[in-house]
Amino acid sequence: MKPPSPREDSSDDLSRRRFARLAVVGLAAGAGAVGLTSPPAAAATDGQCYYDRAGRLAGEDPVLRNLVRALTPGTAPPELAAPAPVRLFDDLAMLSVGFVHAMAVLTDDGIVLIDALRSPEDAENVIVPGLRELGADPEAIKYVVVTHGHYDHFGGAQYLADRYGARVLMSPADWDLVERTRPEHAPTRDLEITDGQRLTLGDTTLRLYATPGHTAGTVSPILPVRTGSESHTAMLWGGTRPSGTLAELHTYLASVRSFRTRMRRAGVDVELVNHPVDDGLARAEQIRDDPGGDNPFVLGRRRTDRFMEVLDLMLRGRTADAEAREGEE
């Protein structure tokens with residue numbers, strides 16, 4: 001796919017930046033940190049043996065413990081302060097409002113934005129100035145890849161399309177979802193993502209894989225990232241919390257397994273998600289505080305694969321619970 005031709009904000013208040021940073025550092029220190037404390041006690045269910053196995057596999061790993069907690073039934077997502085923008089790698093930036101993130105892939109021929117936060121206001125007040133603060137030009141946004149058709153992932157996409165001429169990509173199933181539900185700030189239907197599609201901009205190629213389950217058309221990318229002379233391969237899981245029906249849970253579980261196989265083939269050693277279910281905000285602060293240190297998003301192949309194994313076990317638990325409920329009806 002060839003990119004189309006593309007078409008002074010002040011930085012956020014310093015005190016707000018410091019507050020957000022301290023809030024996330026507090027998480028890293030364990031002050032209410034998701035996954036840095038034990039998951040809440042749960043009544044025994046048919047799925048409990050799988051939750052227990054996932055907890056044992058996670059051990060003391062804060063990334064995996066966060067994932068266990070996030071997928072434990074009855075656990076509410078945390079409310080977190082918005083952090084300052086940060087480059088996770090030389091060519092990958094995180095732009096976040098706390099509970100949901102957008103990722104900017106910075107290439108030598110423009111920007112691919114993965115998700116667009118909640119609204120045009122987020123695009124204008126978080127994405128655009130955040131890119132400028134990191135030395136990137138928002139006018140270089142060529143594509144917005146929407147991982148799934150929920151408002152907190154597509155909300156700023158149409159603003160970016162209108163202002164910068166960015167093309168918006170989403171799976172056909174989730175374009176249909178958006179057209180059927182007509183949510184506020186929905187983008188106009190544009191490019192459709194096919195399973196395994198390559199999206200190339202400059203010298204960077206993303207692979208976009210269908211991973212339905214969170215929605216019928218959720219997409220998860222695999223992409224190259226680098227810091228200095230070090231190159232890595234990253235994944236971004238496109239939709240974390242599963243839907244409730246048994247059929248959707250089976251679909252989600254199948255997606256976990258197929259994507260895990262693709263990750264292994266690609267040699268993925270970097271884990272990313274678009275919600276703070278993986279200790280990601282605390283890890284981003286580590287990079288901000290020690291930019292020359294070891295990158296905490298580089299988990300290595302084995303630990304990244306273990307992330308998917310924990311996800312698999314948690315979904316098997318939820319599926320077992322749903323099967324038991326269906327058997328009681």
Side-chain angles (χ1 to χ4, degrees), residues 8-28 78-108 110-147 152-157 159-160 163-164 166 201 204 206 221 223 225-228 234 236 270-293 295-298:
E8 180 140 9
D9 297 86
S10 61
S11 60
D12 291 341
D13 181 73
L14 182 59
S15 63
R16 187 189 71 81
R17 294 291 197 190
R18 286 175 175 164
F19 172 78
R21 187 173 176 182
L22 289 172
V24 177
V25 170
L27 288 180
E79 293 186 11
L80 301 172
V86 59
R87 287 193 188 227
L88 305 184
F89 295 87
D90 289 351
D91 54 357
L92 184 73
M94 174 189 284
L95 308 156
S96 177
V97 293
F99 92 98
V100 66
H101 324 313
M103 300 287 182
V105 183
L106 311 172
T107 83
D108 59 358
I111 297 171
V112 177
L113 190 68
I114 303 175
D115 288 336
L117 302 180
R118 304 166 297 182
S119 65
E121 290 75 22
D122 279 352
E124 182 177 14
N125 299 323
V126 178
I127 293 173
V128 169
L131 287 171
R132 286 183 173 145
E133 186 172 329
L134 296 174
D137 184 357
E139 292 190 9
I141 299 173
K142 301 289 182 67
Y143 297 108
V144 179
V145 174
V146 180
T147 57
D152 51 333
H153 299 271
F154 65 65
Y159 174 91
L160 298 170
R163 182 166 180 181
Y164 301 120
L201 188 59
T204 302
L206 294 76
L223 63 149
V225 292
R226 60 176 173 76
T227 297
L236 189 150
V270 171
E271 171 273 329
L272 303 165
V273 291
N274 46 24
H275 285 286
V277 298
D278 65 340
D279 199 42
L281 291 181
R283 287 188 283 162
E285 291 306 314
Q286 286 180 248
I287 292 173
R288 197 191 315 278
D289 291 337
D290 185 17
N295 190 311
F297 287 89
V298 181

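All heavy atoms count here, side chains included; hydrogens, waters and symmetry mates do not.
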For the atom pair [atom1] ([X]) and [atom2] ([Y]), what is the distance rounded to the nearest 0.5 Å?
{"X": "L236", "Y": "N274", "atom1": "CG", "atom2": "CG", "result": "5.5 Å"}
{"X": "L92", "Y": "L106", "atom1": "CG", "atom2": "CG", "result": "7.0 Å"}
{"X": "D278", "Y": "R283", "atom1": "CG", "atom2": "CZ", "result": "4.5 Å"}
{"X": "F99", "Y": "R118", "atom1": "CZ", "atom2": "CZ", "result": "6.0 Å"}
{"X": "L201", "Y": "I141", "atom1": "CG", "atom2": "CD1", "result": "11.5 Å"}
{"X": "L272", "Y": "I114", "atom1": "CG", "atom2": "CD1", "result": "8.0 Å"}

If you compare all heavy atoms of [X] against all heavy atoms of [Y], which two are closest, and at what distance to 0.1 Å?
{"X": "V100", "Y": "D152", "answer": "CG2-O, 3.5 Å"}
{"X": "D137", "Y": "I111", "answer": "O-CD1, 3.5 Å"}
{"X": "S96", "Y": "G98", "answer": "OG-N, 2.9 Å"}

Exercise for the section: Report the residue from L113, V144, V97 that forms a side chain to side chain contact (heavy atoms under 4.5 Å, CB included) with I127. Expected result: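 Exactly one candidate clears the test, L113.
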Side chains of [X] and [Y], heavy atoms from C-beta outward: is any pair under 4.5 Å?
{"X": "F297", "Y": "V225", "answer": "no"}
{"X": "V128", "Y": "Y164", "answer": "yes"}
{"X": "M94", "Y": "L281", "answer": "yes"}

Exercise for the section: Please name all residues satisfying side-chain contact (heavy atoms from CB on, under 4.5 Å) with T204, sequence neighbours left out, ordered by chain then number. Expected result: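 Checked T204 against side-chain contact (heavy atoms from CB on, under 4.5 Å); matches are V105, T107, L206, P224.
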Handout entry: Full working for side chain to side chain contact (heavy atoms under 4.5 Å, CB included) between L117 and Y159
Key = CA-CA 11 Å; L117 302 180; Y159 174 91; over 6 Å; no
Practice task
Measure from the side-chain N and O atoms of R288 to the backbone N and O of P85, and report whether any donor-acceptor pair falls under 3.5 Å.
Solution key: yes
Which residues share a salt bridge (charged side-chain N to carboxylate O under 4.0 Å, His left out) with [X], sequence neighbours left out:
{"X": "D90", "result": "R226"}
{"X": "D115", "result": "none"}
{"X": "R87", "result": "none"}

